[in-house]
Number of protein chains: 2
Amino acid sequence: MQLGEGVEWALHAVVVLAVVPSDSTLPAARLAEYHGVPPAYLAKHLQALSQAGIVESVAGRRGGYRLARPAAAITVLDVVQAVEGSAPAFRCTEIRQRGPAAVASREYRAPCSITKVMRAAEAAWREQLASVSVLDLVIEVAGAASPVAIRKSSAWMQEVVR
Amino acid sequence: MQLGEGVEWALHAVVVLAVVPSDSTLPAARLAEYHGVPPAYLAKHLQALSQAGIVESVAGRRGGYRLARPAAAITVLDVVQAVEGSAPAFRCTEIRQRGPAAVASREYRAPCSITKVMRAAEAAWREQLASVSVLDLVIEVAGAASPVAIRKSSAWMQEVVR
DNA sequence: GTCCCTATACTCGGATAGCAAGTGTCCGAGTATAGGCGG
DNA sequence: CCGCCTATACTCGGACACTTGCTATCCGAGTATAGGGAC
């Protein structure tokens with residue numbers, strides 16, 4: 001099992017967007033530059049966030065991205081599912097209904113026990129991610145970062161935000 | 001994110017092996033036949049289980065696979081990690097240390113907050129899977145299956161177990 | 001009748017192709033801006 | 001001086017190649033067995 005690299009980028013991008021004034025925008029190219037990642041590919045993931053209603057895009061000369069909702073109303077799970085999809089990681093193909101020991105389909109009314117366990121684990125995973133908002137992340141990041149790093153980031157943001 | 005199909009097969013296979021008498025073995029081909037899956041491919045995943053010490057292989061004329069430990073001492077997490085690997089699903093590439101706002105590496109002593117959240121969620125996932133043993137699965141499956149299905153499976157097993 | 005030897009058939013194990021999804025990139029459609037022009 | 005119009009430059013959005021890892025398969029190495037032969 002492996003999450004796409006875009007998940008990491010999207011989470012960092014959302015944290016940065018959370019500190020952008022709500023009446024301004026930040027172009028995808030600036031976000032990519034800030035994180036040192038390929039601009040075109042990050043744009044692809046930002047599209048996913050846009051379609052999920054997490055960020056909103058502003059077109060035109062002074063366009064860019066901004067959060068569509070307050071940071072406190074966006075969970076980490078929202079971001080992860082927007083990029084990675086919301087399909088379960090465990091795929092049950094009902095192999096218990098195949099092979100020589102299979103019986104009529106109507107006999108399998110109870111859900112597959114194995115699937116139940118896997119689904120429960122995924123639910124716990126999602127619950128953890130849903131318990132943390134983007135605002136929580138911003139507070140956490142700001143608290144853990146060194147003063148010099150915060151100063152440098154602020155200076156950069158003053159530079160690019162319009 | 002998506003788990004490999006082999007995880008499902010391995011879990012079902014382990015459940016079947018759990019009801020095989022401990023002095024007998026079940027060849028991979030029979031397991032594949034029971035579940036209606038490609039024999040060669042299932043064998044590949046059984047190798048992974050073997051290397052992880054979950055099942056043990058017996059070579060030769062009357063060889064096959066059997067559990068290497070009591071079913072109660074094997075967790076679902078053991079099986080999943082044996083097949084899928086134990087690497088974290090979320091990959092942190094430390095992109096916070098890149099780009100124009102980066103500072104000296106020694107300033108990033110605190111772990112990445114985003115990574116912490118993702119790791120915590122994965123820990124919850126693993127905890128759930130570790131709380132269920134293969135024996136639990138067997139009991140659950142046996143309790144949920146219809147009587148006719150159990151009879152048919154037992155008959156098949158009497159046939160193939162040697 | 002018993003023991004040993006050999007040939008056999010069956011098992012696992014790793015090395016080998018094919019394919020789908022993630023990765024990475026590009027160019028076109030659309031829009032707010034900025035400057036110039038006319039009134 | 002003010003308002004309008006047009007050209008521009010910049011933005012997002014979706015369509016297009018490429019690489020990695022999952023899917024699927026095969027054949028070779030090794031071993032316990034079963035049968036036959038010798039004692």
Side-chain angles (χ1 to χ4, degrees), chain A residues 1-10 13 17 20 23-33 35-66 68 80 83-85 87 89-91 93 95 160-162, chain B residues 1-10 13 17 20 23-33 35-66 68 80 83-85 87 89-91 93 95 160-162:
Chain A
M1 180 184 49
Q2 207 154 304
L3 271 69
E5 203 170 8
V7 173
E8 182 187 10
W9 301 0
L17 287 177
V20 169
D23 56 350
S24 304
T25 63
L26 199 58
R30 296 290 159 276
L31 271 171
E33 165 189 326
H35 292 113
V37 297
Y41 193 27
L42 177 62
K44 187 179 182 63
H45 294 302
L46 288 174
Q47 283 179 34
L49 292 178
S50 178
Q51 289 179 358
I54 292 173
V55 303
E56 63 184 6
S57 63
V58 177
R61 188 99 167 61
R62 298 180 63 178
Y65 286 99
R66 74 164 75 103
V80 172
V83 174
E84 203 69 13
F90 180 81
R91 293 170 287 176
T93 58
I95 63 176
V160 300
V161 162
R162 298 162 299 186
Chain B
M1 180 184 51
Q2 207 154 299
L3 273 70
E5 204 170 7
V7 173
E8 182 187 10
W9 300 1
L17 287 178
V20 169
D23 56 350
S24 305
T25 63
L26 200 57
R30 295 289 159 278
L31 270 171
E33 164 188 326
H35 293 110
V37 298
Y41 192 28
L42 177 63
K44 186 177 183 63
H45 294 303
L46 288 174
Q47 282 180 35
L49 292 178
S50 178
Q51 290 179 357
I54 293 173
V55 303
E56 62 183 9
S57 62
V58 177
R61 186 97 167 66
R62 296 180 65 178
Y65 286 99
R66 75 165 76 102
V80 172
V83 175
E84 201 70 14
F90 180 80
R91 293 170 287 178
T93 58
I95 63 176
V160 299
V161 163
R162 299 164 298 186

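Side-chain atoms are counted along with the backbone in the values below, which use heavy atoms only and exclude waters and symmetry mates. Keep in mind that this is a model prediction, so the values were computed, not measured. Every chain is numbered from 1 and lettered A, B, ... according to where its sequence line falls, protein lines coming before strand lines.
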[X] [atom1] to [N] [atom2]: how many Å, rounded?
{"X": "B/Q2", "N": "C/dA21", "atom1": "CD", "atom2": "C1'", "value": "9 Å"}
{"X": "B/L31", "N": "C/dC10", "atom1": "CG", "atom2": "C1'", "value": "16 Å"}
{"X": "B/E8", "N": "D/dC22", "atom1": "CD", "atom2": "P", "value": "17 Å"}
{"X": "B/E5", "N": "C/dA21", "atom1": "CD", "atom2": "P", "value": "12 Å"}

Residue pair B/V58/A/Y65 against DNA chain D: nearer the 5' end by closest nucleotide is A/Y65
Quick check for you: to the nearest 0.5 Å, what is the distance between B/L26 atom CG and B/L46 atom CG? 9.5 Å
Just compare D/dC12, C/dC12, C/dT25 and give me whichever is closest to any side-chain atom of A/P38. C/dT25
Which of the following nucleotides, D/dA24, D/dT33, D/dT25, is nearest to the side chain of B/R62? D/dT33
Are B/S57 and C/dG13 close enough that a side-chain N or O sits under 4.0 Å from OP1 or OP2? yes
Distance below 4.0 Å between B/R91 side-chain N/O and C/dT23 OP1 or OP2: yes
Using a 4.0 Å cut-off on heavy atoms, which residues in residues 41-53 of chain A reach DNA chain D? List them by number, or say none. A/Q47, A/S50, A/Q51
Which part of the nucleic acid does A/A29 contact within heavy-atom distance under 4.0 Å: base, sugar-phosphate only, or nothing? nothing
Answer with yes or no whether the side chains of B/E8 and A/T93 bring together a donor and an acceptor at under 3.5 Å. yes
